[in-house]
**Student:** 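Handing you a structure now.
Since we're looking at a predicted model, the values are computed, not measured.
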Amino acid sequence: MAKDKGVDKVLNKLAASVALGNYYEAHQMYHSVCQRMHLIVTQRYLKQNKISDALDLLQSGVKNLLKYSQVGSASDLCQRLLDIFVDKEIKVTDDSLARIIDIFQDYPVSDPSCKDFVRNALRWSTKFSQYPSGDPSLHHVFGLKFYKDCDFYEAEAHFALGNVDSARAAGHLAWEWGSEKHVEDPGYFVARIVCLSEKDSMRFYGFRDIH
């Protein structure tokens, strides 16, 4: 759907504000503009594409703020975006997943708010998809980033609820985890993965068959 003519102008203005270091001002502007859009959409005075415009603004705002390490403000906008997802009953689609994944890729996993974002995104995907534990593709993306950051426990939990690529990644994780110098029994980590595949075999796509 076509954007409102003013959206690109607003996005450019807000990006410039962030680039100049006016983080608080930009944060408040993102909130103000999106709040107006959200209220108008709620009152059904404007067309459906205004929701998309509001989401575009929020997504751009999050990424701009994360670029300049303004994680607190970015986290606040993330919650606003997910609130709109829930309030407007936005289904899990390629487009909505892409927004979540695009934001997550820029998020520093070391910040505590990252896990809050992950938890809330999965809660939304649980409510608006067929998967009671959250969308498998989201779990896979989350798992990969935690794995890359060497947060193996968090990665393992997401891989267990992921897709077929998660099963392969879990095998690599078990091998790497078991190869650490302080580990006395490398087989323990393979056994952990096997137990997870037994516990959630319908979702784990045959870890034992792949490995």
**Student:** When you compare the side chain of K127 with that of F85, does any pair of heavy atoms fall below 4.5 Å?
**Tutor:** no
**Student:** If you take all heavy atoms of V62 and A74, which pair is closest and at what distance?
**Tutor:** CG2-O, 3.7 Å
**Student:** Could you check whether any side-chain heavy atom of L122 comes within less than 4.5 Å of a side-chain heavy atom of H158, counting everything from C-beta outward?
**Tutor:** yes
**Student:** When rounded to the nearest 0.5 angstrom, what distance separates OG in S60 from CG in L55?
**Tutor:** 12.0 Å
**Student:** Walk me through whether C78 and Y107 qualify under side-chain contact (heavy atoms from CB on, under 4.5 Å).
**Tutor:** CA-CA 11 Å; C78 282; Y107 225 115; 3.7 Å; yes
**Student:** So do S96 and W124 actually touch side chain to side chain, heavy atoms under 4.5 Å?
**Tutor:** yes
**Student:** Determine, for R168 against D165, whether the closest basic-nitrogen to carboxylate-oxygen distance falls under 4.0 angstrom.
**Tutor:** yes
**Student:** So which heavy atom on A121 is nearest to which on L138, and how close?
**Tutor:** O-CD1, 4.3 Å
**Student:** Any side-chain heavy atom of L77 sitting closer than 4.5 Å to one from L65?
**Tutor:** yes
**Student:** Under a 3.5 Å distance rule, please check whether D102 uses its side chain to pair with a backbone N or O of A98 as donor and acceptor.
**Tutor:** no
**Student:** I'd like to check F159 versus F152 (side-chain heavy atoms, cut-off strictly below 4.5 Å). Are they in contact?
**Tutor:** no
**Student:** With ring-ring contact (aromatic ring centres under 6.0 Å, His included) as the criterion, how do W177 and Y147 come out once you've worked through the C-alpha distance, each side chain's angles and the decisive distance to 0.1 Å?
**Tutor:** CA-CA 10 Å; W177 209 347; Y147 178 19; 9.4 Å; no
**Student:** Between V92 and Q130, does a side-chain contact (heavy atoms from CB on, under 4.5 Å) hold up when you go through it step by step?
**Tutor:** CA-CA 9 Å; V92 174; Q130 61 180 309; over 6 Å; no
**Student:** Between the side chains of S113 and D111, does any donor sit under 3.5 Å from an acceptor?
**Tutor:** yes
**Student:** Quick one: do the N163 and S166 side chains pair a donor with an acceptor below 3.5 Å?
**Tutor:** yes
**Student:** Applying side-chain contact (heavy atoms from CB on, under 4.5 Å), run through F104 and C114 and close with a yes or a no.
**Tutor:** CA-CA 8 Å; F104 179 71; C114 181; 3.7 Å; yes
**Student:** Rounded to the nearest 0.5 Å, how far does CG of D135 lie from CG of L161?
**Tutor:** 11.0 Å
**Student:** Does the side chain of I100 reach to within under 4.5 Å of the side chain of L81, using non-hydrogen atoms?
**Tutor:** yes
**Student:** Sub-3.5 Å donor-acceptor pair from the side chain of D149 to the main-chain atoms of D151, do we have one?
**Tutor:** no
**Student:** Is there a side-chain contact between N64 and Q70 in this structure, where contact means two heavy atoms from C-beta onward sitting under 4.5 Å apart?
**Tutor:** no
**Student:** Over all heavy atoms of both residues, which pair between K145 and Q105 is shortest? Give the atoms and the distance, please.
**Tutor:** NZ-O, 2.8 Å
**Student:** Please determine whether side-chain contact (heavy atoms from CB on, under 4.5 Å) holds for the pair K67 and K63, giving the CA-CA distance in whole Å, both sets of side-chain angles, and the decisive distance to 0.1 Å.
**Tutor:** CA-CA 6 Å; K67 180 179 178 181; K63 291 175 69 66; over 6 Å; no
**Student:** Can you measure from CD (Q59) to OG (S52) and round to the nearest 0.5 angstrom?
**Tutor:** 9.5 Å
**Student:** Please report the interatomic distance CZ(F146) to NZ(K115), rounded to the nearest 0.5 Å.
**Tutor:** 5.5 Å
**Student:** So which heavy atom on L173 is nearest to which on E156, and how close?
**Tutor:** CD1-N, 4.1 Å
**Student:** With the side chain counted from C-beta on, respond yes when I90 and R99 share a heavy-atom pair under 4.5 Å apart, and no when they do not.
**Tutor:** no
**Student:** Testing the basics here: between S133 and T126, what is the closest heavy-atom pair and its distance to 0.1 Å?
**Tutor:** C-OG1, 3.7 Å
